[in-house]
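Below: the structure, in structure tokens.
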Amino acid sequence: MNSKYALRGFPILIAMTTAALLITGCASLDADRELDMAAEMALRNSSTVDPAVAWSLPVEGESPAWDGMAPLSYDAAVSVALQGDPTLRAALAVIVERRAQYVQQGLPPNPTIAFGIGVAVDGLSGSPLFLKGIQMLSWLWKNPWRVEAAEAELRAAVYDAVNQCVNVLAKTRIELAGVLAAQELLALDRQYVDITQKTIELVEAMQSAGELAELDVDRARVDHQQAVSSLVASEYALLEAKLELLATMGRPDASTSWEAIGELPPSWDIPEDETELLGMAAVGRLDVAAALEAVRVVEADLGLARTRRIPEVGFSLDYWDNFSGREAVLPGATITLPILDNGDPAIAGKKAHLEQVRMKLLAASETAQREVRTTYNQLKDARLQAEIIRHGQLDAAVRAQERSDSAYSEGEVSLNTLLMTQRQRIEVERALVRMEFKTMQAMCMLRQAVGGSFDQSLNTVPQFEIESRPERKASEPSS
């Protein structure tokens with residue numbers, strides 16, 4: 001056996017492998033472009049907080065936006081949640097995973113090398129040798145479908161990450177508003193405790209003067225104790241609201257010795273036309289965009305299933321050296337004919353799956369429309385109710401309490417009237433705070449329903465192509 005002839009087939013096999021790599025290219029695993037796209041789309045959540053900066057910080061690290069003790073505003077809470085919420089980081093990790101899957105689907109199958117060396121057992125000289133190289137070629141018409149599906153999954157991962165950001169920040173704003181409302185309710189309860197304490201002192205003085213019975217003093221004390229009980233409940237309600245907010249922000253172990261600041265509700269430029277809001281949701285809902293990408297994934301899977309009707313083809317190259325020293329190079333091919341399994345069951349299954357995801361896309365679109373209309377209706381209702389309470393009930397309740405205070409001091413009304421007007425005023429003030437919170441809640445839910453922003457330029461879902469080798473951004477010189 002002449003060993004130099006054993007390597008004759010390798011140049012051909014190497015040429016095949018090189019051609020395969022040139023055809024497929026070499027995609028990059030770098031997911032920075034998709035992560036940058038997610039950060040850019042996430043700007044719809046806040047014009048003052050940069051998601052890219054928040055995501056560059058350690059998820060459990062200190063936030064430059066809030067030290068845990070300073071007054072907490074809406075923007076500070078949003079910034080901390082962007083950095084500290086683990087579900088957002090998990091969604092970003094999915095983008096990196098989908099990028100790796102995209103690269104994987106674009107790669108050809110590895111070539112197979114087989115060889116064998118024989119040993120003569122009949123006492124004669126010589127020994128056989130064979131080398132065999134195999135490269136499957138079916139990936140040439142299968143991989144484009146796999147890559148198309150992987151591209152859609154990567155785009156869907158970007159949309160899902162930004163949608164998770166929209167959901168988390170909507171919850172953050174609502175819970176901060178809940179803390180603001182709890183603070184106001186606590187202040188009202190403290191005020192009511194002071195009022196009932198003064199009422200006790202007034203009634204005790206009048207009872208000492210013989211103007212009232214001991215029963216009236218007992219009734220005033222009952223009202224005061226009820227006010228104290230309500231105050232204690234409000235204190236714990238405020239603490240619970242803070243704990244819920246801290247958990248949403250990714251800081252469940254942070255101190256609660258801070259105060260929330262901000263308007264309840266804040267001033268947002270919200271379109272007043274329902275048709276305009278529906279139009280914003282039509283181009284801004286990220287979950288609908290992700291559902292559309294799911295349809296494209298199954299469409300690509302259906303195309304891949306149809307390739308099962310095409311024979312599986314592979315190329316092989318053999319080198320043989322027999323006992324007598326004769327050498328041969330045998331190019332060949334392997335063909336798997338789709339006779340018994342012609343792909344029809346797989347195609348039928350993918351068609352049924354495609355119908356399912358299309359219906360899910362339709363359901364997602366209809367859900368978006370329903371959420372816009374219902375939350376907008378809730379917002380209008382809350383606004384009107386708050387206006388009625390503020391300019392109707394509250395004014396009347398304040399006047400009634402002031403008049404009953406004066407009339408009771410002069411003996412013109414009974415203690416029942418005084419206590420009733422005091423309770424009415426505090427209940428009306430509590431109702432106003434709750435309705436203002438409900439207004440803020442509806443505002444956040446409507447913002448979430450249209451896609452995350454009422455600014456059309458930020459709220460539109462961008463369409464983008466996946467690049468196999470994205471261009472790197474030129475780094476700016478440090479100052």
Less than 3.5 Å apart, which donor and acceptor atoms pair up between the side chains of residues 56-63 and the rest of the protein, not counting sequence neighbours?
from	atom 1	to	atom 2	distance (Å)
S56	OG	V53	O	2.6
S63	OG	A65	N	3.1

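- Under the 4.0 Å criterion applied to side-chain N and carboxylate O atoms, E299 and R296 are not assigned as salt-bridge partners.
- A donor-acceptor contact under 3.5 angstrom links the side chains of R430 and S230, judged on distance only.
- A donor-acceptor pair shorter than 3.5 Å cannot be found between the side chains of Q105 and N143.
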* Verdict with reasoning, K242 to E259, per salt bridge (charged side-chain N to carboxylate O under 4.0 Å, His left out) -> CA-CA 9 Å; K242 287 184 175 182; E259 179 184 7; over 6 Å; no
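- Listed here is the closest heavy atom pair of M37 and P462: CE-CG, 4.3 Å.
- Looking at every heavy atom in both residues, A70 comes nearest to W66 through O-NE1, 2.7 Å.
- When every heavy atom of L246 is checked against every heavy atom of S255, the shortest pair comes out as CD1-O, 3.7 Å.
- The closest side-chain heavy-atom distance from V158 to R98 is not below 4.5 Å.
- Under 3.5 Å, the side chains of S457 and D455 contain a donor-acceptor pair of N or O atoms.
- Two residues are said to be in side-chain contact when any heavy atoms from C-beta on lie closer than 4.5 Å; Y159 and M41 meet this criterion.
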* Under the salt bridge (charged side-chain N to carboxylate O under 4.0 Å, His left out) rule, what do E274 and K380 come out as? Steps first, then yes or no, please. => CA-CA 11 Å; E274 185 180 89; K380 292 190 294 183; 5.4 Å; no
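- Within the 4.5 Å cutoff, the side chain of L185 has no heavy atoms near those of the F437 side chain.
- The heavy-atom pair separating M69 from S257 by the smallest distance is CE-O, 3.7 Å.
- For CZ of F464, the number of neighbouring non-hydrogen atoms (other residues, nucleotides, ligands) closer than 6.0 Å is greater than 12.
- Between R173 and V78 there is a side-chain heavy-atom pair separated by less than 4.5 Å.
- Using a 4.0 Å cut-off between charged side-chain N and carboxylate O, R390 and E436 make a salt bridge.
- E272 and R383 are joined by a salt bridge, as a carboxylate oxygen and a charged side-chain nitrogen come within less than 4.0 angstrom of each other.
- Looking at V461 and R44, their side chains come closer than 4.5 Å, going by heavy atoms from C-beta outward.
- Side-chain contact check for C444 versus W268: some heavy-atom pair is nearer than 4.5 Å.
- Not a single donor-acceptor pair under 3.5 Å links the side chain of W55 to the backbone N or O of Q83.
- Taking CZ from R190 and CG from D194, the interatomic distance works out to 10.0 Å, rounded to the nearest 0.5 Å.
- L82 CG to R89 CZ: the interatomic distance, rounded to the nearest 0.5 Å, is 9.0 Å.
- Inter-residue side-chain proximity for D218 and E214 is flagged as met; some heavy-atom pair is nearer than 4.5 Å.
- Atom NZ of K171 and atom CE of M249 lie 13.0 Å apart (nearest 0.5 Å).
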Could you tabulate the donor-acceptor pairs under 3.5 Å formed by side-chain atoms of residues 350-366, not counting sequence neighbours?
none

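- A 4.5 Å side-chain heavy-atom check between L446 and F454 finds at least one atom pair inside the cut-off.
- Atom CZ of R309 sits in a crowded spot, with more than 12 heavy atoms from other residues, nucleotides or ligands closer than 6.0 Å.
- For the atom pair CG (L88) and CG (L169), the distance works out to 7.0 Å, reported to the nearest 0.5 Å.
- Of all the heavy atoms in A442 and T375, the pair that sits closest is CB-O, 4.1 Å.
- Between the CG atom in D160 and the CG atom in L92 there is a gap of 11.5 Å [rounded to 0.5 Å].
- Under the 3.5 Å distance criterion, with hydrogens and angles disregarded, no donor-acceptor pair is assigned to the side chains of D223 and T196.
- Counting only distance, with no hydrogens or angles, the side chain of D32 and the backbone of L35 share no donor-acceptor pair below 3.5 Å.
- With rounding to the nearest 0.5 Å, the separation of CG in L278 from CD in E371 is 12.0 Å.
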